[in-house]
Amino acid sequence: MQENHFSARVLGLANLGMIVVDASLHIVLWNQWMASRSGKSAHRVIGQDLFDLYGELRGQRLEQAVHSALQSKLPQTLSPALNPSPFPLYPAGSWGGERVEQAVSVTPFNEGQERYCLIEVSDISTIVGRERQLRSQAEALRAQSYVDGLTGIANRRHFDVAMDRELRRAMRNEGQLSLLLMDIDSFKAYNDHFGHQQGDACLTLVAEAFASMLQRPADLAARYGGEEFAAVLPDTSAEQAAQHAEAIRAKIAALEITHAPAAMRPHVTMSIGVATFDKDHLADVAAMLAAADGCLYAAKKAGRDCVIVYRPQADAA
């Protein structure tokens, strides 16, 4: 009697559900953990067929696992991914809301000549919730790692990845790809006159206006560094890219952001260099960047607030 009392006390302290069924699937043990999460006391369930008590489990993986364990004498484990909440169990004392997520194992054993099956049920909701939270945080960090913290558009890392991916695609499909490199004219003068806080506000405003001009899902607007921006334009010819660039240049000029007195123009403007993938002349990212940067430099020398497009034939000449 003392031994039975001791066993009952230990079972009551166990931090997992414990059910024992006999060979005919009738419940012979139902611990306190199960009672507190199912709303069913041991007195109510002892002697009942487990799968009459929970009809929803008939034909499901758990019933198959119990039968298999009893026949093969080998333990079985249910995958939480495939069977997240087989039993209708809820946080202790609630008996409602969302079921706790469960890990279930089934272990056959003999007591004398009788065959039994121990079903252990663990609440893994906290573990699963923590994993989901960590996954969510990792995804958020990954997303943030591709976004420029100031302007909210793609950052240099995102640009590098997209440029490499789109160039590979253009080469594979013999498609077109254009690159714009652009720079806010006389931005140092703007910062020196208005201060860095106002300078950041200017960068953000220009970035928003520039990004709004790229409408297709594959187009990428990025902050290349400092006051420099870049655009990756898949499936875009040199002529189309020149038109895009001119539209962006005009959009920035139309903002009419008052410039510093030391600047060449009264309002903030942008110079843009354009380069387009060419398997004979511009067949890698470095070559395209160098060509676009050269055109951007030429636009600055030409008086700023203009677009210059790289022409391979002119370069060859």
Exercise for the section: Answer yes when Glu166 and Arg216 have at least one side-chain N-carboxylate O distance shorter than 4.0 Å, and no when they do not. Expected result: no
Does any donor atom in the side chain of [X] or [Y] lie under 3.5 Å from an acceptor atom in the other side chain?
X: Ser271; Y: Asp183; answer: no
X: Arg37; Y: Tyr90; answer: no
X: Ser24; Y: His26; answer: yes
X: Thr269; Y: Arg304; answer: no

Can you get from [X] to [Y] by hopping between Ile, Leu, Val, Met, Phe, Trp and Tyr side chains that sit under 4.5 Å apart?
X: Met288; Y: Leu180; result: no
X: Met264; Y: Val307; result: no
X: Leu25; Y: Leu78; result: yes
X: Val104; Y: Trp33; result: yes
X: Leu214; Y: Phe159; result: no

Any non-hydrogen side-chain atom of [X] less than 4.5 Å from a side-chain atom of [Y]?
X: Glu63; Y: Leu50; answer: no
X: Val268; Y: Leu255; answer: no
X: Met270; Y: Ile184; answer: yes
X: Pro86; Y: Tyr54; answer: no
X: Ile252; Y: Phe229; answer: no
X: Leu74; Y: Pro108; answer: no
X: Asn110; Y: Arg115; answer: yes
X: Met34; Y: Ile19; answer: yes

Residue pair [X] / [Y]: nearest heavy atoms and the distance that separates them:
X: Ala302; Y: Ile308; value: CB-CD1, 4.4 Å
X: Pro88; Y: Glu56; value: CG-OE2, 4.0 Å
X: Ala275; Y: Ala292; value: CB-N, 3.7 Å
X: Ile119; Y: Val66; value: CD1-CG2, 3.9 Å
X: Ala245; Y: Ile272; value: O-CD1, 3.2 Å

Problem - Heavy-atom neighbours of Arg169 CZ exceed 12 at 6.0 Å - result: yes
Exercise for the section: Please check if atom OH in Tyr297 has more than 12 non-hydrogen atoms from other residues, nucleotides or ligands closer than 6.0 Å. Expected result: no
Can you tell me how far apart [atom1] ([X]) and [atom2] ([Y]) are? Round to the nearest 0.5 Å.
X: Trp30; Y: Ser38; atom1: CH2; atom2: OG; answer: 4.5 Å
X: Gln32; Y: Ser41; atom1: CD; atom2: OG; answer: 9.0 Å
X: Asp49; Y: Asp22; atom1: CG; atom2: CG; answer: 9.0 Å

Problem - Criterion side chain to side chain contact (heavy atoms under 4.5 Å, CB included) on Phe277 and Leu282, from CA distance to verdict - result: CA-CA 5 Å; Phe277 165 67; Leu282 303 181; 5.6 Å; no
Exercise for the section: Check each of Ile153, Leu233, Val232 against Leu220 using the side chain to side chain contact (heavy atoms under 4.5 Å, CB included) test, and report the only one that passes. Expected result: Val232
Problem - Among Ser105, Ser68, Cys117, side chain to side chain contact (heavy atoms under 4.5 Å, CB included) partner for Gln76 - result: Ser68
Are the side chain of [X] and the backbone of [Y] linked by a donor-acceptor contact shorter than 3.5 Å?
X: Asp123; Y: Gly17; value: no
X: Arg99; Y: Ser85; value: yes
X: Glu256; Y: Ala253; value: no
X: Gln102; Y: Val100; value: yes
X: Ser125; Y: Glu101; value: yes
X: Ser178; Y: Thr236; value: yes
X: Gln240; Y: Ser237; value: yes
X: Asp235; Y: Gly175; value: no

Exercise for the section: Could you tell me how the ring of Tyr190 sits relative to the ring of His259: parallel (under 30°), tilted (30 to 60°) or perpendicular (over 60°)? Expected result: perpendicular
Exercise for the section: Tell me, with the steps shown, if Glu228 and Leu296 meet side chain to side chain contact (heavy atoms under 4.5 Å, CB included). Expected result: CA-CA 10 Å; Glu228 284 189 282; Leu296 174 58; 3.7 Å; yes
Exercise for the section: Start with the C-alpha distance between Asp185 and Arg249, add both sets of side-chain angles, then the distance that settles salt bridge (charged side-chain N to carboxylate O under 4.0 Å, His left out), and finish with yes or no. Expected result: CA-CA 11 Å; Asp185 296 322; Arg249 185 208 61 76; over 6 Å; no
Practice task
Given side chain to side chain contact (heavy atoms under 4.5 Å, CB included), test Lys40 with Leu53 step by step and report yes or no.
Solution key: CA-CA 10 Å; Lys40 301 179 189 298; Leu53 181 65; 4.0 Å; yes
Handout entry: Test log, rule side chain to side chain contact (heavy atoms under 4.5 Å, CB included), inputs Leu289 and Tyr224
Key = CA-CA 11 Å; Leu289 283 169; Tyr224 192 71; 3.6 Å; yes
Practice task
Could you give me the CA-CA distance, side-chain angles and deciding distance for Asp278 and Arg311, then say whether salt bridge (charged side-chain N to carboxylate O under 4.0 Å, His left out) is met?
Solution key: CA-CA 10 Å; Asp278 180 331; Arg311 304 291 180 189; over 6 Å; no
